[in-house]
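One structure is given here, and the rest of the page talks about it.
All residue numbers in this chain count up from 1 along the given sequence. Counting convention: from 1, in listed order, for ligands and their atoms alike.
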Amino acid sequence: MSSDTAAISIQNVSKIFKVYNKPQDRLWQGLFKSKKKLYREFWAINDLTFTVKKGECIGIIGRNGSGKSTILQIIAKTLKPTSGQVEVNGRVSALLELGSGFNPEFTGRENVMTNGVIMGLSIDEVMKKMPEIEAFAEIGEFIDQPVKTYSSGMFVRLAFACAIHVNPDILIIDEALAVGDMRFQLKCIERLKKLKSEGKTILFVSHDSFMVRNFCDQAIWMMDGKIHLRGDVNTVTEQYQDFMKYEGDQQNSPALIGSPVTHQVLVIDKVNIKNTDNKDEDRFKFGDPFSVEISYTLKEKLNGIVGGVAIYDKQNNYICGLNTKLDSINLPTEPGEHQLVLNYSEMKLLPGTYFIDIGFFESSAVVILDYKSRHKMFHVHSGEYFAEGLTFIEHSWSSKESVQKRYAKV
Ligand SMILES: Nc1ncnc2c1ncn2[C@@H]1O[C@H](COP(=O)(O)OP(=O)(O)OP(=O)(O)O)[C@@H](O)[C@H]1O
């Protein structure tokens with residue numbers, strides 16, 4: 001390992017998959033050692049080099065197929081690289097594909113035991129942790145049933161409980177938070193924040209740069225099996241979001257993250273767009289002020305809440321997203337009916353139709369408590385033709401005569 005503070009060191013790692021056109025080609029190639037190459041090579045990871053220092057919390061983003069899961073599997077040692085060196089310093093706990101590492105025939109309890117021992121704990125240590133794992137997973141008597149009888153939610157609960165209770169030095173999470181119900185997601189994010197504050201090394205893969213931005217300090221943007229950009233989380237996610245806009249890919253839209261919400265702890269009851277006379281309105285003149293009033297019910301006390309409002313145009317362009325975390329506004333955390341009002345002092349959007357999304361999240365703005373996509377619509381009109389595009393930018397013109405004078409002299 002290059003440095004003793006490095007938790008993970010990846011040196012010139014590549015992973016090539018053999019892709020066969022027909023399943024029988026694989027058979028021919030393997031069984032009969034066909035001289036002819038019946039496959040093409042696909043470089044899922046292409047000469048990748050990077051290190052992760054102890055205690056770093058890194059988000060890995062990138063569109064589908066960019067190699068995120070492959071590199072995580074290589075670090076977790078569930079997949080062998082074709083070439084290159086991988087060094088990992090510490091106990092790795094990986095939440096990769098749903099319940100991977102679980103034997104479907106074993107009961108939950110047996111899988112916890114096996115996993116714990118594989119992770120390097122003694123049987124006694126796992127036994128000691130078992131009540132905590134059971135309590136965290138909340139799957140009741142299913143702990144003694146074969147995991148093949150589990151719902152996907154139960155799988156995730158047990159896998160997560162197991163992963164965080166084996167005292168990992170390095171935690172690898174691949175989209176796992178997006179599964180499971182919201183209450184469980186809240187519990188997980190609290191635990192992840194704790195592990196982060198304890199200085200554990202965390203690699204967090206997500207399609208969703210919004211989530212990465214709110215949880216990680218650094219980000220790696222993968223593209224075609226390589227690192228396209230690495231750096232501070234805001235810089236990388238900003239550029240990634242910009243890139244994705246041009247790709248016409250909406251997969252990083254906050255409207256699309258999270259699972260269907262069940263057992264809500266917060267419910268958005270009503271949203272109104274109001275004019276300055278406090279009347280409901282959906283047509284505004286260019287430059288008018290207006291506000292968005294959100295009534296919501298918080299059903300139980302939380303550590304913190306973030307509320308946000310996003311404006312989109314008809315072509316689904318994300319115009320402006322604001323939230324209370326960005327503006328350092330604290331919302332009430334006690335249960336009850338509450339109201340949040342966002343005042344736009346001057347709406348400088350050019351004439352057209354716009355849509356509003358409303359979202360509430362827990363304190364780190366990673367887990368969605370309630371989200372209403374394209375929930376309200378408003379129109380901007382002006383009657384004048386003074387600019388084109390989406391928004392009006394304050395400006396002034398100047399024109400210099402010097403060029404013309406020079407020509408006049410000639
Ligand atoms: N066993 C395999 N055989 C052939 N190709 C594979 C195999 N596993 C992965 N790939 C390919 O390797 C590429 C990288 O896959 P990977 O799952 O790492 O991407 P990803 O960035 O995690 O994508 P996603 O966000 O969709 O999960 C993809 O094009 C995928 O189709």
Side-chain angles (χ1 to χ4, degrees), residues 8 10 12-30 37-50 52 58-84 86 88 92 94-101 152 155-156 159 163 170-180 202-213 215-216 218-230 233 236-237 239-241 243-245 247-259 366:
I8 301 164
I10 304 287
N12 307 102
V13 166
S14 294
K15 177 70 192 175
I16 304 171
F17 288 112
K18 292 176 181 169
V19 182
Y20 295 88
N21 284 336
K22 296 178 279 185
Q24 56 267 44
D25 285 352
R26 181 188 296 273
L27 196 72
W28 278 108
Q29 191 84 58
K37 216 167 97 179
L38 300 172
Y39 58 85
R40 67 185 167 82
E41 291 186 341
F42 179 80
W43 291 66
I45 299 292
N46 193 344
D47 197 25
L48 198 61
T49 296
F50 69 91
V52 177
I58 301 185
I60 303 183
I61 49 177
R63 60 181 172 184
N64 294 90
S66 52
K68 305 182 296 292
S69 303
T70 307
I71 192 62
L72 289 196
Q73 288 176 61
I74 290 173
I75 295 169
K77 301 214 159 72
T78 55
L79 194 66
K80 261 188 142 174
T82 310
S83 58
V86 180
V88 177
V92 181
L95 264 167
L96 299 171
E97 276 161 48
L98 200 56
S100 63
S152 57
F155 239 99
V156 174
I170 301 166
L171 193 61
I172 294 177
I173 307 155
D174 191 351
E175 304 277 2
L177 262 187
V179 199
I202 301 178
L203 290 185
F204 183 83
V205 161
S206 182
H207 278 111
D208 180 10
S209 51
F210 178 75
M211 236 183 215
V212 167
R213 206 168 193 167
F215 184 64
C216 305
Q218 274 189 56
I220 289 177
W221 171 4
M222 297 275 301
M223 203 192 290
D224 302 329
K226 293 183 174 167
I227 292 182
H228 179 71
L229 189 64
R230 176 180 180 169
V233 72
V236 178
T237 51
Q239 292 194 33
Y240 175 67
Q241 280 171 335
F243 168 81
M244 292 308 270
K245 272 184 212 154
E247 289 288 294
D249 193 326
Q250 292 303 311
Q251 63 188 0
N252 62 338
S253 159
L256 303 176
I257 59 173
S259 49
V366 170

Polar side-chain atom of [X] near backbone of [Y] as donor-acceptor pair, under 3.5 Å:
X: Thr82; Y: Ile16; answer: yes
X: Lys68; Y: Met222; answer: no
X: Lys80; Y: Lys15; answer: no

- Query: How close do Asp174 and Ser69 get, heavy atom to heavy atom, and via which atoms?
  - Reply: OD2-OG, 2.9 Å
- Query: Pick one: which of Ile8, Ile202, Val52 meets side chain to side chain contact (heavy atoms under 4.5 Å, CB included) with Ile170?
  - Reply: Ile8
Under 3.5 Å: N or O atoms of ligand 1 paired with protein N or O:
residue, atom, partner, partner atom, Å
ligand 1, 18 (O), Ser69, N, 3.4
ligand 1, 18 (O), Thr70, N, 2.8
ligand 1, 18 (O), Thr70, OG1, 2.4
ligand 1, 19 (O), Gly67, N, 3.3
ligand 1, 21 (O), Ser66, N, 3.0
ligand 1, 21 (O), Ser66, OG, 3.2
ligand 1, 21 (O), Gly67, N, 3.0
ligand 1, 21 (O), Lys68, N, 3.0
ligand 1, 21 (O), Lys68, NZ, 2.9
ligand 1, 22 (O), Ser69, N, 2.8
ligand 1, 22 (O), Ser69, OG, 2.7
ligand 1, 23 (O), Gly65, N, 2.8
ligand 1, 25 (O), Lys68, NZ, 2.8
ligand 1, 25 (O), His207, NE2, 3.0
ligand 1, 26 (O), Asn64, ND2, 2.9

- Between Tyr240 and Trp221, how do the two ring planes meet: parallel, tilted or perpendicular, split at 30° and 60°?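 Because their plane-to-plane angle is over 60°, the rings of Tyr240 and Trp221 count as perpendicular.
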